[in-house]
Number of protein chains: 2
Amino acid sequence: MTTPSLDLEARAHSEHAQELRLWLRLLTCSQLIEKRVRACLREQFDTTLPRFDLMAQLERHPEGLKMKELSHRLMVTGGNVTGITDQLVTEGLVERMGVDGDRRAFRVRLTDRGRASFVDMAQQHEQWIVEAFEGLNARDLDSLHKLLGKVKQHQLELNRKLDE
Amino acid sequence: MTTPSLDLEARAHSEHAQELRLWLRLLTCSQLIEKRVRACLREQFDTTLPRFDLMAQLERHPEGLKMKELSHRLMVTGGNVTGITDQLVTEGLVERMGVDGDRRAFRVRLTDRGRASFVDMAQQHEQWIVEAFEGLNARDLDSLHKLLGKVKQHQLELNRKLDE
DNA sequence: TATTGTTATACTCTATAACTATA
DNA sequence: TATAGTTATAGAGTATAACAATA
């Protein structure tokens, strides 16, 4: 290259343009859907995505999850889980229960009210998501799920290597 | 359903489980990759993703973009673009140029230094992205790109309808 | 009146690091 | 010493609304 300029056209002809285009498109898709979900959660339920995500985790673990487990599943650090949990406890949607044999830890779980509230939101949420993927038939949905499975698996391997 | 509980297994058998699973996976993938890209931008270049994205837009429009255009392309509101642009101007990486015939507007464009800086970052960025998609062969990359194209198209249509 | 861009503000989300209590 | 969780803090990222200048 004779000039210091590396414009998109130049990159578009490079060896790895396919990966870059794919990443930009993946990011755009998830941002578009996420923006809509956040806005709907805000407007219809006056809540946020991290709060919804935390409750979704608890909903599939009726026995409760420890703060550490929540932190790992939500991919955020511990302090944030404490903050969101505190909010939800204040609103009576989740509760902290003691753990037998370890007085440092808690199990966090949905209260009855929290479960009812989540079921409400989850039903709406399902509709938003179905709407988001209306453009795809069942076979497309399956292909996309499988391909993203490969992507996800690879990210987890990369993270595992970094942790060593 | 006889109990108020709607656990994941129940939802997993519902009509729309496929869409929900796909959405969760899509979100996880983009979050995993995005986290890595943000961390690398921070560590290696002491910058952020929105700053990188703004510069990327300018890099592919050497003639410059108006604030309004940047706001639309970056999918954020105007105030934020002003803030990021101010930072980059202070650092001498971009500049505001007048627009002939409209004294309200500016063209924002990369300075020579900004362009050089971006080229540097873009080369590294390309490596991170290539690494992120190593698990996929060329055909997978293409399929994924096409399928996400359908998803993107549909989101844009949904947004268009909302704007009417 | 409508549009371009800026300013001011507030809130959510996040990571980091120091801390307490328990293992 | 190590681990579970909390607290305090700072900064990124964002939206909203009021504003100035120009169209």
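Proteins come first, then strands; the chains are lettered A, B, ... in the order of their sequence lines, and each starts at number 1. All values below come from the heavy atoms of this structure, side chains included, with hydrogens, waters and symmetry mates left out.
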Between [options], which one does the side chain of [X] approach most closely?
X      : options               : value
B:R96  : C:dT6, C:dA23, D:dG5  : C:dT6
A:F106 : D:dA23, C:dT6, D:dG5  : D:dG5
A:A105 : D:dA15, C:dT22, D:dG5 : D:dG5

- Within 6.0 angstrom of B:D112 CG, more than 12 heavy atoms from elsewhere: no
- Mind checking whether A:M75 and A:H72 have side chains closer than 4.5 Å, heavy atoms only? no
Nearest-Å distance for atom pair [atom1]/[atom2], residues [X] and [N]:
X      : N      : atom1 : atom2 : answer
A:E69  : D:dT3  : CD    : P     : 16 Å
A:R104 : D:dT3  : CZ    : P     : 9 Å
A:M97  : D:dG5  : CE    : P     : 15 Å
A:K66  : D:dT6  : NZ    : P     : 13 Å
A:R38  : D:dG13 : CZ    : P     : 13 Å
A:D86  : D:dA8  : CG    : P     : 11 Å
B:L88  : D:dG13 : CG    : P     : 12 Å
A:N80  : D:dA10 : CG    : C1'   : 13 Å

- Map A:Q31 and A:T82 onto DNA chain D by nearest heavy atom, then report which one ends up closer to the 5' terminus.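 Closer to the 5' end of DNA chain D: A:T82.
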- Between A:M75 and B:K68, whichever has its closest DNA chain C nucleotide further toward 5' is B:K68
- Task: Could you say whether A:G101 or A:R51 is positioned toward the 5' end of DNA chain C, judged by the nucleotide with the nearest heavy atom to each?
- Result: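 It is A:R51 whose nearest nucleotide is closer to the 5' end.
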- Task: Compare side-chain N and O positions of B:K35 against OP1 and OP2 of C:dA15 and report whether any pair is under 4.0 Å apart.
- Result: yes
- Task: Tell me whether the OP1 or OP2 atom of D:dG13 has a side-chain N or O from B:T48 closer than 4.0 Å.
- Result: yes
- Answer with base, sugar-phosphate or nothing: what part of the nucleic acid does B:G79 contact at a heavy-atom distance below 4.0 Å? base
- Mind checking A:R107 for me? I need base, sugar-phosphate or nothing, with any heavy atom below 4.0 Å counting as a touch. nothing
- Report yes if a donor N or O on one partner sits less than 3.5 Å from an acceptor N or O on the other, where the partners are the side chain of A:R103 and the base of C:dT22; otherwise report no. no
- Report the distance from atom CG of A:L49 to atom CZ of A:R42, rounding to the nearest 0.5 Å. 11.0 Å
- Check the side chains of B:E134 and A:H154 for a donor-acceptor pair under 3.5 angstrom, ignoring hydrogens and angles. yes
- A:R109/A:E95 ion pair, N-O < 4.0 Å: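 Salt bridge present between A:R109 and A:E95.
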